[in-house]
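Below is one structure, written out as C-alpha cells; comments come after it.
All values derive from a computational prediction rather than experimental measurement.
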Amino acid sequence: MRRFDTCEMKILTVVGARPNFAKAAPIIAAITAHNEGLLVESTDRSEHRVETIRHILVHTGQHYDEFMSGSFFSDLNLPKPDIHLGIGSGSHAVQTAEIMKKFEQVLLAEKPDVVVLVGDVNSTLACALVASKISFDSIGSRPAIVHVEAGLRSFDRSMPEEINRILTDHVSDVLFVTEESGVHNLRNEGVSLDKIHFVGNTMIDSLLNFKEKAEESTILEKLALLRQMGKNGEAKSVTQYALLTLHRPSNVDRPDVFRNILAGLEELSTDCPVVFPVHPRTRRRITEFGLESRLGATAGEDSECARSSGNCGRGIILIDPLGYLDFLCLMKHATLVVTDSGGIQEETTILGIPCVTVRENTERPVTVESGTNTIAGTKPDTIRDAICRQMSRKRNDSVPKYWDGQAAARIVHFLVHWHNAKLSLRPSFIPPAVSLEDRCTCR
Ligand code: UD1
C-alpha cells in the first residue's frame with residue numbers, strides 16, 4: 001500500500017552547520033517554485049506526476065548561536081526549521097551519536113520519500129547513516145538518500161570532512177556533483193554512473209541570488225573601509241583590505257601551525273588591513289595560545305578603530321563571525337581573501353577575487369584550474385609566495401561548468417522525474433539511465 005497518493009512526494013532536508021545553509025536554501029526555494037508551478041515545465045511523460053512536494057526542514061543544531069546559525073536563516077530567506085534537534089557542541093563521536101539517536105525518531109515519525117543531505121559536516125554523515133539503515137515496514141522500505149555536493153575529495157583522511165564525504169557518498173542513492181572532479185572520484189571508487197548527476201553548485205546559486213542584496217550591508221561602513229558611497233547605496237570606493245578566515249582544527253588547534261600562518265601574513269598586514277571574522281573555535285585558541293599580541297590587538301566592528309573616521313590602518317582586525325550577507329559584501333570588495341574554508345574557495349572563484357588557501361590540499365580543484373585560487377600550504381614562505389603570485393596574476397579566470405545559478409532547479413527537476421518513474425515502475429524500480437550530458441542539461 002502506498003503511503004501517499006501518487007501526486008505527492010515528501011522531501012526532508014537536513015541542515016546543521018554554517019556551510020549547510022547556503023547550500024540548502026536554493027533547493028528549498030526551488031521546491032517552493034515547483035509547488036507554485038514556477039519551475040520550467042518538465043517533459044516528463046510518466047503515468048504518475050508529482051504535483052506537490054511536501055517539504056520538511058530539520059536543523060540538527062550542530063551550530064546553534066546567532067552568529068553561526070540564526071542570522072543565516074533571515075539572510076537566506078530560509079523557513080523556520082520544522083524540527084530542531086538541539087544537539088549543540090561535542091566531540092565528533094558525541095555529536096554524531098546524538099544526531100543519529102534523534103534523527104532516527106524523526107525519520108520514523110515522518111517517513112519521507114527522500115532525504116536531502118548537503119555538504120560534509122558531522123550532521124550530514126550522521127543523518128546519512130541513519131537513513132541508510134532505517135526500515136519503515138516489514139519489507140525494509142527506507143527513504144532515498146540524496147547527497148548534494150558529492151564526490152569532492154581532498155585525499156586527506158586526517159580531515160573529519162573527508163571521512164564524512166566518503167561515507168555519505170557510499171550510502172547515498174543519488175549523488176549530485178558540483179564539479180567534474182567529483183564524477184571522476186566517484187567513478188574511481190566504483191560508484192555506479194547511474195547514481196552520479198553533475199548539476200552544478202547550489203552554494204553558487206545562493207551567491208548569485210544574493211550578490212546584489214549584499215550591497216545593502218553596512219559592514220564596510222562599520223569597519224571604516226568605505227571611502228565613497230555609490231548611487232543606490234552601492235559601494236563605490238573601498239579601502240584596499242584583505243579578508244581572512246581560519247577554523248580548520250589542523251590549522252588552529254596546533255600553536256606552531258597557527259603561528260606559522262600568522263607569520264606568513266605579517267607582510268600583508270603591514271600593507272593593508274586584514275579583516276578577520278573569528279570562528280568560535282579559533283577565538284578560543286587565540287586566547288589559549290596567547291596570540292592576541294601577534295594579531296595586532298584590533299578588536300571588533302564596534303572598536304575605536306572601526307568607529308574612527310579614517311580607515312582601520314594596518315594589522316589584523318578581529319571581529320565576530322558574520323552573517324551571510326555581511327560576509328558576502330566583504331568578500332566582494334576584498335583585494336584578496338586568505339582562507340582555510342572549502343566554500344570560500346568556490347565563492348571567490350565566481351566573484352573573481354584572488355584567494356590564497358592555507359592548506360596542503362583542496363577537494364575543489366576546479367577553483368585552482370579557474371585561476372582564482374592558490375594552495376599555499378601553512379609555512380610562512382609558501383604563504384607569502386602564494387599571496388604575491390595571486391596579487392600579481394593576470395586575470396583570465398574561467399567560470400566552472402554549471403555554476404550558473406540553476407543547480408537547485410536541476411536537482412528538483414531530477415527528483416520529481418525520478419519519483420515519477422519510481423511510482424510508475426514500483427515495485428522493481430530501476431533509476432533511469434541518463435547520459436551525463438543529458439543530466440547536466442535537464443532544466
Ligand atoms: C564545522 C564543520 C566544518 C565546517 C565548519 C564551519 C564538521 C566535522 N565540521 O566545524 O566542516 O567548515 O563547521 O563553521 O562538521 N561553536 C559555537 N557556536 C556555534 C557552533 C559552534 O560557539 O554555533 C563552537 C563549539 O563550542 C565548538 C566549536 O565552535 O567547540 C566548533 O564547532 P563544531 O561544530 O564542532 O565544528 P566546526 O569547527 O565549526
How long is the span from the CD1 atom in I87 to the CZ atom in F103, to the nearest 0.5 Å? 11.5 Å

Strictly distance-based, threshold 3.5 Å: is any side-chain N or O of N35 a donor or acceptor partner for the main-chain N or O of T52? no

Test your reading of the model: is there a side-chain donor-acceptor pair from K401 to the backbone of E180, 3.5 Å cut-off? no

Under 3.5 Å, is there a donor-acceptor pair between the side chain of D205 and the main chain of A408? yes

Are the side chains of Y241 and L220 in contact, using a 4.5 Å heavy-atom criterion? yes

Step-by-step side-chain contact (heavy atoms from CB on, under 4.5 Å) determination, L265 to I383: CA-CA 7 Å; L265 297 173; I383 294 171; 4.2 Å; yes

Considering only distance and modelled atom types, tabulate donor-acceptor pairs under 3.5 Å from the side chains of residues 66-73, sequence neighbours left out.
| from | atom 1 | to | atom 2 | distance (Å) |
| --- | --- | --- | --- | --- |
| E66 | OE2 | S71 | N | 3.4 |
| S69 | OG | H59 | NE2 | 3.0 |
| S71 | OG | E66 | O | 3.3 |

Any chance the side chains of H333 and E215 put a donor and an acceptor closer than 3.5 Å? yes

Reported CG-to-CZ distance for the pair N251 and F258, which is rounded to 0.5 angstrom: 8.5 Å

Backbone of A376 reached by a side-chain donor or acceptor of T382 within 3.5 Å: yes

Backbone N/O of S181 and side chain of N185: donor-acceptor pair under 3.5 Å: yes

Nearest-0.5 Å distance that lies between atom CZ in R283 and atom CG in L291: 12.0 Å

Reported OG1-to-CG distance for the pair T362 and D340, which is rounded to 0.5 angstrom: 11.0 Å

Should D404 and R410 be marked as a salt bridge (charged side-chain N to carboxylate O under 4.0 Å, His left out) after you check the CA-CA gap, both sets of side-chain angles, and the distance that decides it? CA-CA 11 Å; D404 57 0; R410 291 188 190 105; 2.5 Å; yes

What's the shortest heavy-atom distance between A407 and T202, and which atoms? CB-N, 3.8 Å

With the side chain counted from C-beta on, respond yes when M331 and I353 share a heavy-atom pair under 4.5 Å apart, and no when they do not. no

Note, T124 side chain near H147 side chain (heavy atom, < 4.5 Å): yes

Write down the atom of L246, the atom of T282, and the distance for their closest heavy-atom approach. O-OG1, 2.6 Å

Taking every non-hydrogen atom, the tightest pair across Q62 and V121: OE1-CG2, 3.8 Å

Of all the heavy-atom pairs spanning N260 and P380, show the shortest one and how long it is. O-CG, 3.6 Å

Would you mind reporting whether S154 and R359 have side-chain heavy atoms less than 4.5 Å apart? yes

Within the side chain of S341, is there an N or O that forms a donor-acceptor pair under 3.5 Å with the backbone of G343? yes

Is there a side-chain contact between V275 and L225, using heavy atoms and a 4.5 Å cut-off? yes

Go through it in stages, so that I can follow the logic: the residues are V146 and F176, the test is side-chain contact (heavy atoms from CB on, under 4.5 Å), and I'd like the CA-CA distance, side-chain angles, deciding distance and then a yes or no. CA-CA 7 Å; V146 168; F176 289 123; 3.4 Å; yes

Heavy-atom side-chain contact between I286 and E292 under 4.5 Å: yes

Mind checking whether P19 and V118 have side chains closer than 4.5 Å, heavy atoms only? no

Salt bridge (charged side-chain N to carboxylate O under 4.0 Å, His left out) with R364: which of E149, E369, E161? E149

Can a donor-acceptor pair be found, under 3.5 Å and without considering hydrogens, that links the side chain of N373 to the backbone of Q345? no

Any donor-acceptor pair under 3.5 Å linking the side chain of N20 with the backbone of A17? yes

Counting only heavy atoms not in E267, do more than 12 fall under 6.0 Å of its CD? no

Report yes or no: does W403 contribute a side-chain atom to a donor-acceptor pair with the main-chain N or O of E179 at less than 3.5 Å? no

If you take all heavy atoms of S172 and K195, which pair is closest and at what distance? O-NZ, 3.4 Å

C355/T339 under side-chain contact (heavy atoms from CB on, under 4.5 Å): CA gap, chis, key distance, verdict: CA-CA 7 Å; C355 177; T339 190; 3.8 Å; yes

Side-chain (H63) to main-chain (T60) donor-acceptor, under 3.5 angstrom: no

With side-chain contact (heavy atoms from CB on, under 4.5 Å) as the criterion, how do D75 and L328 come out once you've worked through the C-alpha distance, each side chain's angles and the decisive distance to 0.1 Å? CA-CA 11 Å; D75 280 2; L328 178 51; over 6 Å; no

From L12 CG over to E110 CD, what is the distance, rounded to the nearest 0.5 angstrom? 6.5 Å

Please tell me if the side chains of I53 and V412 come closer than 4.5 Å, counting only heavy atoms from C-beta onward. yes

Looking at every heavy atom in both E162 and D156, which two are closest together, and how far apart are they? CB-O, 3.3 Å

Using the ring-ring contact (aromatic ring centres under 6.0 Å, His included) definition, which of the options H419, H197, H34 pairs with F414? H197

Answer yes when D169 and R153 have at least one side-chain N-carboxylate O distance shorter than 4.0 Å, and no when they do not. yes

How many angstroms lie between CG in L223 and CD1 in I219, if you round to the nearest 0.5 Å? 4.5 Å

